[in-house]
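Okay, structure first, notes after.
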Amino acid sequence: MNENQKRQLSALDEYINKVYVLVLIMIPGAATCAGVLYTFEKIMGWLPEVNLTAMVIFDITCLIYLTIGFFFIKTGFTDGLVRDSRLKAGKIFLVMVMFIQFNFIVYMIPSKDFWGFAFYFVLLMSFFLDYKMVAWASAAIIASLTVSWIVRADVILPLRDSMFMAELLNRIVCVALSLPTLVLLTYLVQHFLVNAKKDEMERNNERVEHVLQSVQELSENLLSAGTVLSQISENESASVEELSATSEQLLEGSNRLGSKTEESIDNLNELDKWKSVVADNVEKVETTSRDLLDKSRENEQMLADLKEINGEVSDSMSATIDVARRLSEAVQQIGTTLNLISEISSSTNLLALNASIEAARAGESGKGFAVVAQEVGNLANSTKDSLNEVEEVIKKVQDNVDEITEHVNENSSKLEKQEEYFINVFAGIKDMTQLLGASVDAVKTMGEAHDKQALVIQDTVSINKEIAEDVRSENTQFSSINGMVENNANDISKITAQVSAINEMVDKINQLLS
């Protein structure tokens, strides 16, 4: 429940809210306390005649009634006020709890003085200011006491001695006077509060009439202030129309400025795009130049290596020529040896012929044949020596031929390597040519981008000039608006004064309403 709802509740409503909660806790709570007390007395052995099972049942019912009481409290409110249906049900519940638990204790506990607690229960119910409820509770208590005095007279009534009749009469008179008195008191209080509430409503009506009169006077003052405000409003209307026309012009100018600004932004974006193109091409030219420098250094190194190889080839060729010269000399020696062998061969042929002749003459003249044979042997030995010399010469020739072959192979390998270097040099020169072509294309693209940038910059400058002219025109219009604003400021000061007067009247109305 918020503060506004609290203010709307009357004093009687607030009272009922509090009593509803209080009594729903106190009556079941009092019964529960009685159950705890009597259970303690039973445990201590002070109530030997009381049945323990009945006492446990009584305690359980007390807890049940207390739980039901909390349920009524939990569900009994709507918008901060006890519901009528729940209030009626709560009253019936309390009367039943009082009647049941009171009789339970009367017939369970052997006490001659418990009848005095009847006034406590009835007094709690009188908090509701419902004399009917108090009357029903009083009647139930009187009936219960009457029946119990008859049924259990030996336990509940006073001792039968000389004071028996006096004490019984005192009880009857006490009950007969006290309970109807509570009913009467409840009726009077309830009736008095109702009348007090009516008086309060009449006083409130008088206050409302007074407030209405004051409000009427204030409404006349508000009418006067409204007339003044209406005149000021007419003046403001004319100013607003003029401001509207000026605002339209400013809007058109702003639109033009917006379109020009967008066009300028597009041009700047295009400049930015070409800037990236130029940057890319510059980077490409730089990379290409770096690659060209690296290629040139590689070609320079290859040419140096080629020069060194050419020197080695030249030296190898010189060695080859020398070997060929020595081979020629060896060949000449072979020719001389071959001539000697030819002469020896001729002599051998002659000796063989003579030996043939002498053999023909054979017979007994073996001496001549022996001489010839000796000569042939000498020639053969000479031929053998010559052949040895020929073998040595041939061996020298063979060694020279092998050396020549080795040099020739070495020269062939070096020539192949030289050819490879020449191929690499040619490929490097070809790559340099391609890189130079790419560099030229990049430079050409940079030139075109620069031309386009120049055109865009020229267009942007022209647009900025137009924007500057529009800004000067708007400044003139803003000066005109400033004059109108000053005039409006005077009117606003008048409006402020009227508003202050209206606020004072509103404060008075609030005071009257509060």
Q: I would like to know whether I25 and F70 meet side chain to side chain contact (heavy atoms under 4.5 Å, CB included); could you show each step before the answer?
A: CA-CA 7 Å; I25 294 175; F70 280 111; 4.3 Å; yes
**Q.** Rounded distance [0.5 Å steps], NZ in K74 versus OG1 in T67
**A.** 14.0 Å
Q: Provide the closest heavy-atom pair for V183 versus Y131 in the form atom of the first, atom of the second, distance.
A: O-CB, 3.8 Å
Q. Atom OH of Y65 and atom CG of L94: how far apart are they, to the nearest 0.5 Å?
A. 12.0 Å
Q.
Tell me if the CZ atom of F71 is crowded by more than 12 foreign heavy atoms within 6.0 Å.
A. no
Q) Can you name the nearest heavy-atom pair linking G45 to P48, along with the distance? A) O-CD, 3.8 Å
Q.
For the CZ atom of F121 and the CE atom of M26, what is their distance to the nearest 0.5 Å?
A. 10.5 Å
Q: Measure across S126 and V134 and return the closest heavy-atom pair with its distance rounded to 0.1 Å.
A: CA-CG2, 3.5 Å
Q: Please report the shortest heavy-atom distance between C62 and A31, naming the atom on each side.
A: SG-O, 3.3 Å
Q: Go through the steps for F40 and V36 under the test side chain to side chain contact (heavy atoms under 4.5 Å, CB included), then give the verdict.
A: CA-CA 6 Å; F40 175 75; V36 172; 5.6 Å; no
Q. Do any N or O atoms from the side chain of R83 and from the backbone of T75 form a donor-acceptor pair under 3.5 angstrom?
A. yes
Q) In terms of ring plane angle, is the pair F58 and F104 parallel, tilted or perpendicular, where the classes change at 30° and 60°? A) tilted
Q) Which distance, rounded to the nearest 0.5 Å, do you find between the CD1 of I105 and the CD1 of I100? A) 12.5 Å
Q | Over all atoms of both residues, closest heavy-atom pair of F72 and A89 | A | CE2-CB, 3.7 Å
**Q.** Closest non-hydrogen atom pair between G35 and M55, with its separation
**A.** O-SD, 4.1 Å
Q.
Can you confirm whether F77 is buried at CZ, in the sense that more than 12 heavy atoms of other residues, nucleotides or ligands lie under 6.0 Å from that atom?
A. yes
Q. Could you give all pairs that pass the side-chain hydrogen bond (donor to acceptor under 3.5 Å, both in side chains) test and reach residues 30-59, with sequence neighbours left out?
A. T39-D59
Q. How long is the gap from CG on L63 to CD1 on I68, to the nearest 0.5 Å?
A. 11.0 Å
Q: For K91, enumerate each residue passing the side-chain hydrogen bond (donor to acceptor under 3.5 Å, both in side chains) test, keeping only those at least two apart in sequence or located in another chain.
A: D130
**Q.** side chain to side chain contact (heavy atoms under 4.5 Å, CB included) assessment of M125 paired with I27
**A.** CA-CA 9 Å; M125 293 183 186; I27 291 181; 4.0 Å; yes
Q) Which residues satisfy the side chain to side chain contact (heavy atoms under 4.5 Å, CB included) test with L184, sequence neighbours excluded? A) L188
Using atom types as modelled, flag every donor-acceptor pair under 3.5 Å from a side chain in residues 175-182 to any protein atom, sequence neighbours excluded.
unit_1 : atom_1 : unit_2 : atom_2 : d
S178   : OG     : C174   : O      : 2.8
T181   : OG1    : L177   : O      : 2.4

Per-pair distances, 0.1 Å, donor-acceptor, side chain in residues 140-149, under 3.5 Å, sequence neighbours excluded:
unit_1 : atom_1 : unit_2 : atom_2 : d
S144   : OG     : N103   : OD1    : 3.2
S144   : OG     : N103   : ND2    : 3.0
S144   : OG     : A140   : O      : 2.9
T146   : OG1    : I142   : O      : 2.8
S148   : OG     : S144   : O      : 3.1
S148   : OG     : L145   : O      : 2.9

Q.
Taking salt bridge (Lys or Arg N to Asp or Glu O under 4.0 Å) as the cut-off, I'd like each qualifying pair that reaches into residues 137-151, sequence neighbours left out, listed once.
A. none
Q | I57 side, atom CD1; I64 side, atom CD1 - distance, nearest 0.5 Å | A | 10.5 Å
